[in-house]
Amino acid sequence: MTATQRLRARKAAAHTFLICFLVLILVPFVMVISASLRQGNFAPSRLIPDKISLDHWKFVLGIPYQEVVNPATGQTRTVKADTPPLRWFWNSIKISLLASAGIIFLSGTSAYAFARLRFAFRHATLSALLILQMFPMVLSLVAFYVILDFTGQYAKWLGLNTQTGLVMIYLGGISNYIWMIKGYFETIPPSMEESARIDGASQFQTFVRILLPISLPIFAVVFILSFISYMSEYPVASVVLQSSENWTLAVGANSFLYEQEKLWGRFAALAVLSGVPITVVFLLCQKFVIGGLTSGGVKE
Amino acid sequence: MSVEGGYPIRQILVALVVLPALYLDFAIYRTGNVWVALAMLIVLGLGAFVYLSDAGYTYRYLFPGFLGFGLFVIFPIVYMVFLSFTKYSSQNLLYFDRSLALLRQESFSVGNVSYTYKLYAQEEGKYILYLENDTDPTKRFVSGPFELKPGEQPKGPHEPVNLVALPPNEGVPGHALEFAQVTRQKLFIPMRGREFALPDETLVAMEGLQKFASRDRLWTVNPDGSLTNKQDGKVIRPDFKLGFFVTEKGEKVGAGFRTYSGFENYIRIVTDPRIQAPFFKIFIWTVVFSGISVVLTFGVGMLLAVILEWKDLRFRRAYRTLLILPYAVPAVLSILIFKGLFNQEFGAVNEFLRAIFGFAPEWETNPWGARGMILLVNVWLGYPYMMLVCTGMLQSIPPGIYEASAIDGSSAVVDFFKLTLPLVLPPLMPILISSFAFNFNNFNLIYLLTAGGPKMVGGGIAGETDLLVNYTFNIAFRDSGTNFGLASAIATLLFIIVGFLAWINLKLSGRNVKI
């Protein structure tokens, strides 16, 4: 075998491996799409649905449709979701956007102090931030419940079963992002800010007018990462949000899968309708995210 | 800092935040939450100082972040540690004061004086109660207007509503309700929970649906804190170790209360066989799960990264984009999708395996099947992250080192293990450790995929696939065994373990750490 033949064989092997691997990875997605279009509520198990029906999509979009109740007589009834499930998707987007904006503000300002200012216990505080954040959010639920129950007595819009209350709770998860932004700030030489100070700008002005504009890429990364992690957050949302019109995508999607009755078709339709936009946005922002990942930060 | 632009903008902003906050603080103080009000006052004072004084300048940037972090990360941890030293569960749920108040509220019917009643509807959901003594109809009493919420059990003990004697010729304002209306509007439900005090301070309360009867408090409070039962003379006193009021024979009476228990919860983890056996089993599974997850995701991710770094391969970009997909889809959705695919009877995986190989693993009922499924799903979820990180690392290796070894005639595989891996492993260590820590607490995966199932034989609420964090969650929030104290103790141990991992990680990563 010549060298070129050997190279060609190795390439073929690599392609075969990658394609087989991709099939394994992508089949679940195809099956979900198929389950969302299949009549009846079956667990995803087919690549192509046998009987195509748009009922699940209609249900998720909140459009009424006719369901056959008695096949013998052909009797039907109108089915319409009380809360259109797509609303959960919208709730999730709202909550994640607000929480991510808050995270940007809180971690950005703190990171500036850690990167550019000197104060007592700076290093110790930085380490403590990271270690304390390791405490899983799920186990803070008792305390979150106490906090929201309390705030709700004075401001109803900040209590249990409110989206604002959930956003407020989410604002605690800043330490990984402080580290990321601080790392980025430190790669920017302070000389520009120093010369602006000499020209009479205040410290705050150098932060807002000089450092922030240069650092937009890292803020994009932080925004996307925190957005993704809050889109997937389940336990805290499931305890805080009790009424179905307030639910997030994660809580709503899981609600279709009771132990007794698993509504796979509806779940699949919701997964497709809400998963596709998120995935597309993620792929469009790929460059940013990958850049941010290599600087450390685990998706949660 | 001098004021910019001539206007004291900063001062005005501070005032705009602080003044409403002070008002709120006062409201909190007035409702009796003195300590919370004090804490809030201190935080407000600190905030005002930081934003007004030049000395606090640095902290102007830190204050908002620290406030959020303190409230939603540090406070929950402190609260959890505090709870771990208390007895606090579904049996010992109330504060001592509440538990005592409930006992003092208990009453029993005395004598045979009974009253006929009538309710008079007033405006805004208020009612007036009218009572007439059955044996002596001239004895008539009437209450002031009080609120009744139809069909709702009143929350907590209420002060009795006072009744006054009604002069012979006077009527009662408002519209009298028929008996049928009282039942139909479900007004009797909140009525049953209320007590009324006659002018001579005897209590009356509803007995059945039609009558009122006089009642007396069941317990008298003695100066030493014990309570005496007026009916049978039994004496009970609070047992602060048990968190219950107990009789001399040790019988529990009334609702349990929260109490300090020292290290009892921690001791229970180590000694109580019902906790100890599942705890250690779950601990080992948690470590094994995290370890295998890291190794597998890293292995698959690295393999793909190496293949995709091969410059001569076509369609590399397309492959990479498709391979990232599992990372792009929200994890909650993917996990639930897999729950369907691995459905033991109807799922795609078993239908496929049955058709091709004629066997179907028990992904749901067999502990090993469930564990295998969890690992498979976790690899699917986790490899893209590792692939991305490894790609970054591989690209930072100077290509020169491979040329040197190519001359020696070594193969690609040998190159990888002898050259590449030793180069990239040390800088990847922090990421591998944080991935380990992340999986250690991977609550979502287990909760949504198997919910801990199958159940552990003889393990109570423990499941074979539960991670420590799920087990803790179950103890705290699920089933009747709700035990916040014990859950807090386990959570505290968990925090120590994971915090230690994070600390090692900090040391290894060489981030400028000085602790």
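Chain letters run A, B, ... following the sequence lines, proteins first, then strands; residues in each count from 1.
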**Message:** Restricting to salt bridge (charged side-chain N to carboxylate O under 4.0 Å, His left out), what partner residues turn up for A:Arg266, sequence neighbours left out?
**Reply:** none
**Request:** Identify, with sequence neighbours excluded, every residue that meets side chain to side chain contact (heavy atoms under 4.5 Å, CB included) alongside A:Val280.
**Result:** A:Val276, A:Leu284
**Request:** Give the member of A:Ser274, A:Pro235, A:Ser175 that has the highest number of heavy-atom pairs under 4.5 Å with chain B.
**Result:** A:Pro235
**Prompt:** Of all of A:Ile178, A:Thr125, A:Leu117, which one pairs up most often with chain B through heavy atoms under 4.5 Å apart?
**Reply:** A:Leu117
If we define contacts as heavy-atom pairs under 4.5 Å, which of [options] has the most with chain A?
options: B:Leu325, B:Leu308, B:Asn343; answer: B:Leu325
options: B:Ile490, B:Leu323, B:Asn442, B:Thr472; answer: B:Leu323
options: B:Val78, B:Leu304, B:Leu501, B:Leu83; answer: B:Leu304

Which portion of [X] sits near chain A, non-hydrogen atoms under 4.5 angstrom:
X: B:Phe315; value: side chain
X: B:Val300; value: side chain
X: B:Leu336; value: both
X: B:Leu303; value: side chain
X: B:Tyr59; value: side chain
X: B:Leu67; value: neither
X: B:Leu62; value: both
X: B:Ile335; value: neither

**Asked** Aromatic rings B:Tyr383 and A:Phe21: how do their planes relate, parallel, tilted or perpendicular, breaks at 30° and 60°?
**Response** perpendicular
**Request:** Give, as side chain, backbone, both or neither, the part of A:Ile147 having an atom under 4.5 angstrom from any heavy atom of chain B.
**Result:** side chain
**Item:** Region of A:Met168 in contact with chain B, defined by heavy-atom distances below 4.5 Å
**Value:** both
**Request:** Please determine, by modelled atom types, if A:Tyr154 and B:Asn33 share a side-chain donor-acceptor pair under 3.5 angstrom.
**Result:** yes
**Message:** How about OH on B:Tyr29, more than 12 heavy atoms from neighbouring residues, nucleotides or ligands closer than 6.0 Å, or not?
**Reply:** no
**Message:** Aromatic contact between A:Tyr234 and B:Phe443, with the criterion being ring centroids under 6.0 Å apart: yes or no?
**Reply:** no
